[in-house]
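Report on the following structure.
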Amino acid sequence: MTRPDRSRLLVPLALFAPSLLLPAAARAQAPWPSQPIRLVVPFPPGGSSDILGRLIAEHLGKTLNANFFVDNKPGGTTQIGTDFVAAAPPDGQTLLLGAASSFTVLPHLRKLHYSIDSFECAGGIADYIAVMAVRKTLPVKSVKEFIAYAKENPGKLSFGSAGEASAGHVYGLTLARDTGTKFLHVPFRGSAAAVNALVAGEIDFIIDGAVTPMVKADRVEPLCVMYRKRHPDLPKVPTLHEAGFDISTSKGAGWGLLAPKGTPASVMDKLSEGLEKVLQQKSVQDALIRANSIASWQTPEQFRQATAADYKMNGELLPSIGIRGS
């Protein structure tokens, strides 16, 4: 091929792919968000956290004019997905739906490759509303009747949870300690599996927000809500306090939006502003209720302070209910 022939081929290439001729540094400085953004949800599909994550991804994408997609990475009671994001490049393309328990419970139980300081925080998202429900064939209709029945049958009642050291596990063991009862814990790989087992009568009770649809469908019997006020979708179900009991644990296990440490402040500011706007929308607040949560915007600093307080609380609580590190 002659030199003029090669020139004729190069000119069209420059016209159709000008970005290929730019230095790598220049391409990296494209305005954010310019690529699809991965939101890692460290839970299996189908549970409350997954529903919440997809809701936030959808509405935050609209607010920021960005393309978000959810990537479920369950396992290790949120450790696998949280680890993944902590090690991801700090370029704003990988985010985490951070469960508070990842930073307030797990550090007391095992050695982790991350801490809350491994992340930048865009803000707090919501509080979790756990619902206590029993299988339909259990002969109880209230918390008082349940406690009495449990004391008459020590160690015979089983409860399911989303896994070891999950919120439902902590709730169940704390309830047992504070009411003088004994239960058998059955861990599952996510809330959806635990709820299915309850409906099938394979376990006796559960304390998990994911059971709410089964309560509304009259497939299980609700006893109370583990929150400071009633579940908006279950207005007839009393809180644990209204039922005459209290347990010494957090009443809300929250979520935050996090990114790898070192993510540019300009990106975090956009995420924080966008998240606050999303949580102010009535349609989002209503949808979060259907995901068993209450919209609860927290600034990045407020989220860190709340996480630190719950970390200290769990450091005292977990050993007292028999949850210890390996």
Side-chain angles (χ1 to χ4, degrees), residues 39-64 68 70 72 77-78 81-82 85 95-105 116 119-131 162 166-168 170-171 190-192 207-213 225-235 239 249-259 268 271-311:
L39 177 61
V40 172
V41 174
F43 297 89
S48 299
S49 296
D50 178 57
I51 296 171
L52 183 146
R54 293 177 186 280
L55 179 69
I56 294 301
E58 176 189 352
H59 288 273
L60 194 56
K62 292 177 181 178
T63 299
L64 296 177
F68 277 73
V70 170
N72 294 92
T77 321
T78 73
T82 306
V85 178
L95 307 177
L96 174 71
L97 179 71
S101 59
S102 301
F103 310 102
T104 64
V105 174
I116 190 64
F119 297 88
E120 307 290 350
C121 180
I125 298 172
D127 290 337
Y128 175 54
I129 314 177
V131 177
S166 64
V170 174
Y171 279 130
S191 297
I207 304 176
D208 196 304
V211 79
T212 301
V225 172
M226 300 284 189
Y227 195 59
R228 59 180 175 268
K229 55 185 179 181
R230 296 192 180 195
H231 194 308
D233 272 0
L234 304 173
T239 65
T249 185
S250 173
K251 300 300 188 293
W255 297 269
L257 183 63
L258 307 175
M268 298 310 301
L271 284 170
S272 187
E273 292 169 5
L275 182 61
E276 184 177 10
K277 289 179 181 178
V278 166
L279 295 175
Q280 289 173 347
Q281 298 173 23
K282 181 65 164 55
S283 60
V284 173
Q285 294 171 0
D286 292 343
L288 283 173
I289 289 171
R290 293 192 291 274
N292 311 302
S293 55
I294 297 288
S296 180
W297 161 250
Q298 290 178 312
T299 66
E301 185 56 32
Q302 288 172 333
F303 182 80
R304 288 185 182 276
Q305 289 175 352
T307 299
D310 271 358
Y311 171 85

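These numbers were taken from a predicted model, which means no experiment stands behind them. Start at 1 with the first residue, then count along the sequence. Heavy atoms only: backbone and side chains are in, while hydrogens, waters and symmetry mates are out.
Screening Thr239, Asn292, Ile294 for a side chain to side chain contact (heavy atoms under 4.5 Å, CB included) involving Tyr227 leaves a single residue, Ile294. Of the residues Leu97, Val278, Leu96, Ile125, the one that meets the side chain to side chain contact (heavy atoms under 4.5 Å, CB included) test with Leu257 is Ile125. For the pairing with Leu288, the side chain to side chain contact (heavy atoms under 4.5 Å, CB included) check across Ile129, Leu52, Ile51 returns one residue only, Leu52.
Thr63 OG1 to Leu275 CG: the interatomic distance, rounded to the nearest 0.5 Å, is 9.0 Å. Atom CG of residue Leu39 and atom CD1 of residue Ile56 lie 8.5 Å apart, to the nearest 0.5 angstrom. To the nearest 0.5 angstrom, Cys121 atom SG is 6.5 Å from Met268 atom CE. One distance of note links CG of Leu234 with CD1 of Ile289; it measures 11.0 Å at 0.5 Å rounding.
Not counting sequence neighbours, the partners of Phe103 by the ring pair (Phe, Tyr, Trp, His ring centres under 6.0 Å) test are Tyr114, Phe119. Evaluation of the salt bridge (charged side-chain N to carboxylate O under 4.0 Å, His left out) rule for Arg230 yields Glu242 as partners, not counting sequence neighbours. Taking Arg304 as the reference, nothing meets the side chain to side chain donor-acceptor pair (under 3.5 Å) condition, with sequence neighbours excluded. With sequence neighbours left out, Glu58 forms a salt bridge (charged side-chain N to carboxylate O under 4.0 Å, His left out) with Lys62. Every side chain to side chain donor-acceptor pair (under 3.5 Å) that Thr78 has, sequence neighbours left out, goes to Ser102. For Tyr311, the ring pair (Phe, Tyr, Trp, His ring centres under 6.0 Å) criterion is met by His108, not counting sequence neighbours.
Minimum heavy-atom separation, Phe303 to Gly124: CD1-CA, 3.7 Å. Here the shortest heavy-atom pairing between Ala57 and Phe68 reads O-CB, 3.5 Å. For the residue pair Trp255 and Ser49, the shortest heavy atom distance occurs at NE1-OG, 3.0 Å. When every heavy atom of Thr77 is checked against every heavy atom of Ser166, the shortest pair comes out as CG2-N, 4.0 Å. Of all heavy-atom pairs spanning Leu64 and Gly274, the tightest one is CD2-CA, 4.3 Å. The two residues His59 and Ser283 have their closest heavy-atom pair at CE1-OG, 4.5 Å.
The pair Asp286-Lys282 meets the salt-bridge criterion, since a charged nitrogen lies less than 4.0 angstrom from a carboxylate oxygen.
Side chain of Ser272 to backbone of Gly123: no donor-acceptor contact under 3.5 angstrom is found. Asp127 places no side-chain N or O within donor-acceptor distance of the main-chain N or O of Gly254, the cut-off being under 3.5 Å. Of the possible donor and acceptor atoms, one in the side chain of Gln285 sits under 3.5 Å from a partner among the backbone N and O of Leu279.
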